[in-house]
Chemist: 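Got a structure here, written out as C-alpha cells. Questions coming.
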Amino acid sequence: MPTYPFWLGGVAGSMAACFTHPLDLTKVRMQTLGPSVPRPSMLGTIRTSLSEEGLRGIYTGLSAALLRQMTYSLVRLGCYEEMKRRMSEDGQPSAGKLLLAASVAGGLGGVAGNPADIVLVRMTSDSLRPPEQRYGYRNALAGLVRIVKNEGVKGLTRGLGTNTVRMEIIFLLNASQVGSYDFFKATLLRHRIPLVDYQFHDGVFLHVAASLAAGTCGTTVCSPADVLRTRIMGSSGNASPLQVLVKSIREEGVRFMFKGWTPAFMRLGPNTILMFVFFEQLKRGWSYFADL
C-alpha cells in the first residue's frame, strides 16, 4: 500500500469546506436556537442570513472552518491512513479493524480540532446573540487568542468530552463516515448493483456513491452528540454535558437531538463527497508525481 503525506487529508478537507461552509453555518445556527424560538427551516435560515448579512455573511467563520480542517481532518485522516497502511501489511484488514482504526483516529482528531471547533461555533452563531453578548472574533487566530486571554487554556477544551466521545465510540462519526466509506467502496467494487446490473470500477463515480452512503450514515449516527456538543461550545457558562442534556430534554423533548438534521445532512453529504473525491484525486496525483 503506497504512503502519502500526513497532511493530505487536511488539504482535501479544506478544499471541501470552501464549498460547504454556508451549510455548516446554517446547521450551527439551527442547533443553537433555544426552545423559545420557533424552529426555522433550513432554507428559511439561509434566507435570513442572506437578507441580514448579505452573501459575505454566509461565509462568516470560514477562517475557523479552514483551521478546523487543518487540525481535525488532517489528524483523523492522516492517522487512519497510517493505521490502515500498517494493518494492510498482513493482508486486507477486516471491516471491524477498519472501524476501530477510524474510531481511534477520530478521537485523536477530535482532540486536535477542538479549539478550532469552539471558535467555529462561536463565529457562526454570533449574530444570533444580543449585541452585548457577542464574541466578535475577527478571525480564527484572534478567536483563539481571546479564548486563552479571557478563559485560560482550559477554555480551549470546552466541550471536549462530547467531542472526543463522538469520535471515539465505534458507531459515531469517524467510524460511520471514514470507516464506512472504505466499507461501501469495497462492497460496491465486489458486487454488481441489482436491477440495473451495473458493476462499479475504481473511479470518481465509485468515490461519489461510496461517500454519499458514508455521509448519510454519519449524519444519522452523530446527530445527537453533534447537537449537544454545539450547545456546550456555544455556551458561556460552566454547565456540564449532563446538565445541558437534561435541560434540553426537559425543555424540548428527545427530538432536540435531531434538530438541524437536514442541514447537517445537506452539509455532511456534499462535504463527505467532496472531501473523499478531492482526497482520492490528491492521492492519485501524489502517486503520479512521486513515480516521475
Chemist: Is the backbone of Asp197 close enough, under 3.5 Å, to the side chain of Arg192 for a donor and an acceptor to pair up by distance?
Modeler: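 Indeed, once roles are kept as given, a pair shorter than 3.5 Å links the two residues.
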
Chemist: Please check this pair: side chain of His207 against backbone of Gly203, looking for a donor-acceptor N/O pair closer than 3.5 Å.
Modeler: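 Judged by distance alone, yes, a pair lies under 3.5 Å.
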
Chemist: Are Arg122 and Ile147 side-chain neighbours, meaning at least one heavy-atom pair lies under 4.5 Å?
Modeler: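 A side-chain contact exists here, since the closest heavy-atom pair is under 4.5 Å.
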
Chemist: Please verify the inter-ring angle class for Tyr198 with Phe200; under 30° counts as parallel, over 60° as perpendicular, anything in between as tilted.
Modeler: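 Rings of Tyr198 and Phe200: perpendicular, as their planes differ by over 60°.
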
Chemist: Verify the cluster assignment for Leu100 and Phe183: are they in a single hydrophobic cluster under the rule of side-chain heavy atoms below 4.5 Å apart?
Modeler: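 No, it is not one cluster - the side chains of Leu100 and Phe183 are not joined through contacts under 4.5 Å.
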
Chemist: Check step by step if side chain to side chain contact (heavy atoms under 4.5 Å, CB included) holds for Val178 and Phe276.
Modeler: CA-CA 9 Å; Val178 178; Phe276 280 117; 4.2 Å; yes

Chemist: Checking side-chain hydrogen bond (donor to acceptor under 3.5 Å, both in side chains) for the pair Tyr135/Asn150: CA distance, chi angles, key distance, verdict?
Modeler: CA-CA 11 Å; Tyr135 294 103; Asn150 296 336; over 6 Å; no

Chemist: Is any side-chain heavy atom of Lys247 closer than 4.5 Å to a side-chain heavy atom of Phe256?
Modeler: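 Counting from C-beta outward, Lys247 and Phe256 never come under 4.5 Å.
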
Chemist: Backbone N or O of Val121 within a donor-acceptor pair of the Thr124 side chain at under 3.5 Å?
Modeler: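 Yes: the side chain of Thr124 pairs with the backbone of Val121.
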
Chemist: Heavy atoms, side chains only, cut-off 4.5 Å: are Asp182 and Tyr80 in contact?
Modeler: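 Yes. Closest side-chain heavy atoms under 4.5 Å.
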
Chemist: Could you go through Val227 and Phe258, starting from their C-alpha distance and side-chain angles, then the distance that decides it, and tell me whether this counts as side chain to side chain contact (heavy atoms under 4.5 Å, CB included)?
Modeler: CA-CA 7 Å; Val227 174; Phe258 292 94; over 6 Å; no

Chemist: Mind checking whether Thr60 and Glu53 have side chains closer than 4.5 Å, heavy atoms only?
Modeler: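 Yes. Closest side-chain heavy atoms under 4.5 Å.
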
Chemist: Nearest 0.5 Å, what's the CG-OG1 distance between Leu212 and Thr272?
Modeler: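 Output value for this atom pair is 8.5 Å.
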
Chemist: When you check the gap from the basic side-chain N to the acidic O, do Glu89 and Arg85 get nearer than 4.0 Å?
Modeler: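 A salt bridge is present here (some side-chain N lies under 4.0 Å from a carboxylate O).
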
Chemist: Let me confirm one number: the CG-CZ distance from Asp117 to Arg158, rounded to the nearest 0.5 Å.
Modeler: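 Result: 13.5 Å between the selected atoms.
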
Chemist: Quick one: do Leu43 and Phe265 end up in the same hydrophobic cluster if we chain Ile, Leu, Val, Met, Phe, Trp and Tyr together by side-chain heavy atoms under 4.5 Å apart?
Modeler: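 Linked within one cluster.
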
Chemist: Is the closest basic N to carboxylate O distance between Glu151 and Arg146 below 4.0 Å?
Modeler: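 Not counted as a salt bridge, because no side-chain N and carboxylate O are separated by less than 4.0 Å.
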
Chemist: Are side-chain heavy atoms of Phe278 and Phe19 found at a separation under 4.5 Å?
Modeler: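 The answer is yes, as the side chains (C-beta and beyond) meet within the 4.5 Å cut-off.
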
Chemist: Are the side chain of Gln199 and the backbone of Leu189 linked by a donor-acceptor contact shorter than 3.5 Å?
Modeler: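 Pair found, side chain donor or acceptor close to backbone of Leu189.
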
Chemist: State, with a plain yes or no, whether a side-chain heavy atom of Leu66 is found less than 4.5 Å away from one of Ser63.
Modeler: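 No, every pair of side-chain atoms sits at 4.5 Å or beyond.
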
Chemist: If you draw a 6.0 Å radius around NZ in Lys283, do more than 12 non-hydrogen atoms from other residues or ligands fall strictly inside?
Modeler: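 Yes, enclosed.
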
Chemist: Tell me whether Leu23 shares a hydrophobic cluster with Leu55, the cluster being built from Ile, Leu, Val, Met, Phe, Trp, Tyr side chains joined at under 4.5 Å.
Modeler: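 Yes, it is one cluster - the side chains of Leu23 and Leu55 are joined through contacts under 4.5 Å.
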
Chemist: Write down the atom of Leu99, the atom of Ala175, and the distance for their closest heavy-atom approach.
Modeler: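 Nearest pair, atom of Leu99 first, then Ala175: CD2-O, 3.2 Å.
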
Chemist: Any link between Val153 and Leu141 through a network of hydrophobic side chains (Ile, Leu, Val, Met, Phe, Trp, Tyr) touching at under 4.5 Å?
Modeler: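 Val153 and Leu141: one cluster.
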
Chemist: On a heavy-atom basis, which atom in Ala210 and which in Leu188 lie closest, and how many Å separate them?
Modeler: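 Here Ala210 and Leu188 meet closest at N-CD1, 4.0 Å.
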
Chemist: Might you point out which heavy atoms bring Arg76 and Ala105 nearest each other, and give the distance in Å?
Modeler: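 Residues Arg76 and Ala105, closest heavy atoms: O-CB, 3.3 Å.
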
Chemist: Enter the distance from Leu274:CG to Ser211:OG here, rounded to the nearest 0.5 Å.
Modeler: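 Output value for this atom pair is 8.5 Å.
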
Chemist: Where do Val119 and Leu67 land on the side chain to side chain contact (heavy atoms under 4.5 Å, CB included) test, with the steps shown first?
Modeler: CA-CA 10 Å; Val119 178; Leu67 178 62; over 6 Å; no

Chemist: So which atom in Ser223 and which in Met257 form the shortest heavy-atom distance, rounded to 0.1 Å?
Modeler: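 Scanning both residues completely, I find the closest heavy atoms to be OG-O, 2.9 Å.
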
Chemist: Side chains of Thr20 and Asn271 only: does a donor on one sit below 3.5 Å from an acceptor on the other?
Modeler: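 Yes, because at least one side-chain N or O of Thr20 sits under 3.5 Å from a partner of the opposite role on Asn271.
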
Chemist: Contact between Leu268 and Thr216 at the side-chain level, heavy atoms closer than 4.5 Å - yes or no?
Modeler: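 They are not in contact (no side-chain heavy atoms under 4.5 Å apart), so the answer is no.
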
Chemist: State the CZ-CZ distance between Arg284 and Phe279, to the nearest 0.5 angstrom.
Modeler: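 So the CZ of Arg284 and the CZ of Phe279 are separated by 13.5 Å.
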
Chemist: Side chain of Thr71, backbone of Asn114: donor and acceptor closer than 3.5 Å?
Modeler: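 Checking the backbone N and O of Asn114 against the side chain of Thr71, no donor-acceptor pair under 3.5 Å is found.
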
Chemist: Given the ring of Tyr181, does Lys185 sit roughly above its face, with NZ or CZ under 6.0 Å from the centre of the six-membered ring and within 45° of the axis?
Modeler: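 Here Lys185 fails the 6.0 Å and 45° test against Tyr181.
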
Chemist: In terms of hydrophobic clustering (I, L, V, M, F, W, Y; side-chain heavy atoms under 4.5 Å; direct or indirect links), are Phe184 and Ile273 co-clustered?
Modeler: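 In one cluster with Phe184: Ile273, no.
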
Chemist: Could you pull out the closest heavy-atom pair between Ala116 and Leu144, with the gap in Å?
Modeler: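 Heavy-atom minimum between the residues: N-CD2, 4.5 Å.
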
Chemist: With the side chain counted from C-beta on, respond yes when Asp24 and Leu120 share a heavy-atom pair under 4.5 Å apart, and no when they do not.
Modeler: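 They are in side-chain contact.
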
Chemist: Determine, for Asp126 against Arg134, whether the closest basic-nitrogen to carboxylate-oxygen distance falls under 4.0 angstrom.
Modeler: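 Judged by the 4.0 Å cut-off on N to carboxylate O distance, Asp126 and Arg134 do not form a salt bridge.
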
Chemist: At what distance, to the nearest 0.5 angstrom, does OG of Ser103 lie from CG of Leu98?
Modeler: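 Here the interatomic distance stands at 10.5 Å.
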
Chemist: Looking at every heavy atom in both Ala214 and Gln177, which two are closest together, and how far apart are they?
Modeler: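 Scanning both residues completely, I find the closest heavy atoms to be CB-O, 3.3 Å.
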
Chemist: Walk me through whether Ser49 and Thr26 qualify under side chain to side chain contact (heavy atoms under 4.5 Å, CB included).
Modeler: CA-CA 8 Å; Ser49 298; Thr26 302; 5.5 Å; no

Chemist: Quick one: pull up CD in Glu81 and CZ in Arg86 and give me the separation to the nearest 0.5 Å.
Modeler: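 Nearest 0.5 Å value for the CD-CZ distance: 13.5 Å.
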
Chemist: Please answer whether the main-chain N or O of Gly10 pairs with a side-chain N or O of Tyr72 as donor and acceptor at a distance below 3.5 Å.
Modeler: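 No, because the side chain of Tyr72 does not come within donor-acceptor range (under 3.5 Å) of the backbone of Gly10.
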
